[in-house]
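Have a look at the structure below, then the notes.
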Amino acid sequence: MSEYKVYSRDLWDYLGDMPYMPSRVDRDKLLNSDDPNRVQIWGFFFQVNPDDVGMPQKQEISSIERNILSEIAKYTETQKDIKDLIKRLKRTLFWKRVKSFLYGIACVALSIVAFQFFSRNNVGDYSPLVCSSPFWVGALILWLAIAFVGWDEKTEIRELNSRSSILSETHERSIKAQVDRKNFLKLSIKELKNQIPKPPPGAKVREWLFEHFDVVLDDSKIQTGLLDKDLLPIEGNNPIQILGPGELQNPKRFPPTFKKINASDDVNFDIKKHLTARRAFEGTGGAIHVLYGIYYIECILIAKDMLATYGLFYDFITGKSHGTEITEQYYDDVVAIVINEEFRWIKRNKKDSAEKDIYIEDAPTFTMSLSSGESRRVTFVSEKYFMKIKDEIDVAEEDVSRIFLVQTSTANTYNAIRALRSQLRLHKKTDEIEE
């Protein structure tokens with residue numbers, strides 16, 4: 001582990017480790033946007049979970065911890081083997097010394113026996129002491145040899161002690177280096193977490209949203225060529241604006257960029273993230289507001305002899321419009337204006353393996369059918385829908401009824417239908433409009 005991997009110190013380089021986040025490219029584009037609020041809106045919908053920061057570093061920390069435990073176990077086992085071998089060598093050395101000592105005792109005993117023998121029998125011309133002296137010399141040599149016996153064992157014991165000492169120093173350096181690396185990585189993760197921006201308050205983001213809705217209304221007038229002077233004064237607003245979450249719309253109406261996802265296509269990947277982005281917050285008065293990354297907006301512009309529609313998927317995060325459709329028709333071409341119930345599958349990005357598709361039954365849908373066979377549809381929210389996604393927006397089941405869109409979405413759509421039918425009745429017979 002002498003060479004360590006160098007990690008980026010920029011939090012946004014790690015978005016690829018967080019499946020719920022778009023790519024860094026997606027955010028960087030907004031940094032260069034003319035609207036400084038865009039990055040904040042992005043940060044409101046896509047909030048980094050501190051627990052997910054520094055995943056590569058955490059993996060290395062886990063690897064270091066496993067390696068430390070493995071090294072300690074290996075070191076402990078090796079030192080135990082060395083100590084056991086030293087014990088065996090010392091035991092061998094001990095018995096060699098005991099053997100030399102006992103041989104010396106035997107020589108002393110022989111010396112005494114020889115001395116007594118020669119003293120009694122007066123053998124030869126030499127004194128008994130001289131005759132027994134070889135045995136005394138042998139005993140002395142054997143006892144002196146105790147200090148030198150087991151030379152090989154002593155050498156090996158010294159080598160083993162030296163090896164143990166070197167091993168201990170190497171082990172301590174290695175463990176210290178790994179602990180230092182682990183502490184460095186933990187500090188790096190802490191620095192990355194400190195880069196997590198504080199998201200803007202939900203009330204402010206909602207304020208920005210409605211400002212952008214006004215921009216879409218103005219665009220609808222410009223794109224259809226029906227300016228304020230051309231629009232009739234009616235009960236309610238003109239243009240009439242009906243909207244719903246982009247993810248709830250009929251997938252057949254999705255622009256191609258919403259439908260196809262290639263593993264290497266960051267653009268499509270990011271748009272899908274925007275399509276499923278939603279976040280709830282509690283506003284004043286106890287109401288719960290749910291904001292979406294992409295809305296479908298249908299603007300109906302009522303003029304004297306005709307009406308026009310301006311429909312689009314509006315990406316609130318980037319401020320861009322997708323799949324814009326503009327139609328104009330005379331009042332006689334409007335066959336029916338109704339709210340019916342449709343079903344929806346909310347598809348998840350394939351990269352989000354943890355998220356399952358959501359099946360929504362009885363999704364309320366505004367439909368304006370035309371004589372040409374075309375129809376304009378906008379699916380809006382209902383309490384059933386929010387019961388399906390309550391966990392994803394962190395809203396308790398008993399609080400679903402407090403969601404502002406549940407309280408106002410259907411009412412606003414019916415108000416728009418009444419205003420539209422009222423104007424249609426002025427141009428065609430009542431029984432020609434489906435109630």
Side-chain angles (χ1 to χ4, degrees), residues 19-21 41-47 49 199-210 212-213 241-251 253-254 258 271-298 313-317 338-349 352 354-367 377-417:
Y20 53 90
M21 298 292 286
I41 295 172
W42 189 96
F44 173 78
F45 285 105
F46 303 113
Q47 298 180 18
N49 184 343
K204 189 63 179 178
V205 177
R206 186 171 183 268
E207 180 183 323
W208 291 335
L209 174 65
F210 281 95
H212 291 308
F213 282 164
Q241 190 178 66
I242 303 174
L243 59 89
E247 66 175 1
L248 263 179
Q249 308 313 307
N250 191 329
R253 299 198 63 189
F254 285 176
F258 287 20
I271 289 179
K272 289 290 286 187
K273 292 294 183 182
H274 294 191
L275 184 64
T276 56
R278 59 178 102 78
R279 192 164 291 277
F281 68 95
E282 185 169 349
T284 56
I288 297 175
H289 300 280
V290 183
L291 305 184
Y292 289 85
I294 294 182
Y295 290 86
Y296 182 78
I297 305 174
E298 189 76 39
F313 285 89
Y314 178 69
D315 190 336
F316 173 44
I317 297 171
V338 297
I339 292 181
N340 51 17
E341 306 291 338
E342 299 185 358
F343 67 89
R344 292 286 184 268
W345 277 105
I346 299 179
K347 294 288 187 179
R348 289 289 179 250
N349 193 324
D352 298 338
E355 294 186 353
K356 298 180 180 179
D357 294 345
I358 298 176
Y359 178 67
I360 307 296
E361 295 181 0
D362 303 327
T365 303
F366 164 84
T367 303
R377 284 188 172 89
V378 183
T379 301
F380 48 96
V381 299
S382 66
E383 191 166 321
K384 290 181 180 179
Y385 159 72
F386 282 117
M387 290 297 288
K388 291 280 189 176
I389 68 166
K390 59 182 175 58
D391 294 334
E392 296 185 30
I393 58 176
D394 197 23
V395 173
E397 182 175 344
E398 59 271 19
D399 293 331
V400 168
S401 59
R402 295 197 292 124
I403 295 177
F404 183 77
L405 285 177
V406 172
Q407 301 169 350
T408 61
S409 185
T410 302
N412 289 343
T413 304
Y414 272 111
N415 288 339
I417 288 176

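- Here the closest non-hydrogen pair linking Ala280 and Ile393 is CB-O, 3.7 Å.
- Heavy atoms of other residues, nucleotides or ligands lying less than 6.0 angstrom from CG of Asp394 number 12 at most.
- Looking at heavy atoms from C-beta onward, Val395 lies out of side-chain contact with Phe386 at the 4.5 angstrom threshold.
- The two residues Leu243 and Val378 make their nearest non-hydrogen contact at C-CG1, 3.8 Å.
- Classification of the Phe281-Phe44 ring pair by plane angle, with boundaries at 30° and 60°, yields perpendicular.
- Tyr296 and Arg377 share no donor-acceptor pair across their side chains, judged by distance under 3.5 Å alone.
- For the atom pair OG1 of Thr365 and CD1 of Ile242, the computed distance is 11.5 Å after rounding to the nearest 0.5 Å.
- In plain terms, the two heavy atoms of Val205 and Pro200 that are nearest each other are CG2-CG, 3.7 Å.
- Rounded to the nearest 0.5 angstrom, Phe45 CZ and Thr276 OG1 are separated by 11.0 Å.
- How far CD1 of Ile339 is from CD1 of Ile417: 3.5 Å, rounded to the nearest 0.5 Å.
- For Glu398, the CD atom counts as densely surrounded, since its 6.0 Å shell holds more than 12 non-hydrogen atoms of other residues, nucleotides or ligands.
- Distance check: Arg278 CZ to Ile294 CD1 gives 12.0 Å after rounding to the nearest 0.5 Å.
- A salt bridge does not link Lys390 to Glu392: none of the charged side-chain nitrogens sits closer than 4.0 Å to a carboxylate oxygen.
- Between Phe46 and Trp42, the ring planes are tilted. Angles from 30° to 60° get that label.
- Taking both residues in full, the closest heavy atoms of Asn250 and Arg344 are given as N-NE, 3.4 Å, listed atom of the first, atom of the second, then distance.
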Next on the checklist: Using ring-ring contact (aromatic ring centres under 6.0 Å, His included), reason through Phe213 and Tyr295 one step at a time and then give a plain yes or no.
Outcome noted: CA-CA 10 Å; Phe213 282 164; Tyr295 290 86; 5.3 Å; yes
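- In this structure, the side chains of Tyr292 and Arg279 stay at 4.5 Å or more apart for every pair of heavy atoms.
- Counting heavy atoms from C-beta on, the side chains of Gln47 and Asn49 never come closer than 4.5 Å.
- By the salt bridge (Lys or Arg N to Asp or Glu O under 4.0 Å) test, Glu207 is found to be paired with Lys204, residues two or more places apart in sequence or in another chain being considered.
- Considering CD of Glu383 and NZ of Lys388, their distance stands at 14.0 Å, rounded to 0.5 Å.
- Taken to the nearest 0.5 Å, the NE2 atom of His274 stands 12.0 Å off from the CZ atom of Phe316.
- Checked against a 6.0 Å centroid threshold, the rings of Phe313 and Phe254 count as neighbours.
- The two residues Met387 and Val400 make their nearest non-hydrogen contact at SD-CG2, 3.6 Å.
- With sequence neighbours left out, Arg402 forms a salt bridge (Lys or Arg N to Asp or Glu O under 4.0 Å) with Glu282, Asp399.
- Taking every heavy atom of both residues into account, Gly244 and Gln249 meet most closely at C-NE2, 3.7 Å.
- With a 6.0 Å cutoff to the six-membered ring centre and a 45° limit on the axis angle, Arg206 counts as a cation-pi contact of Phe404.
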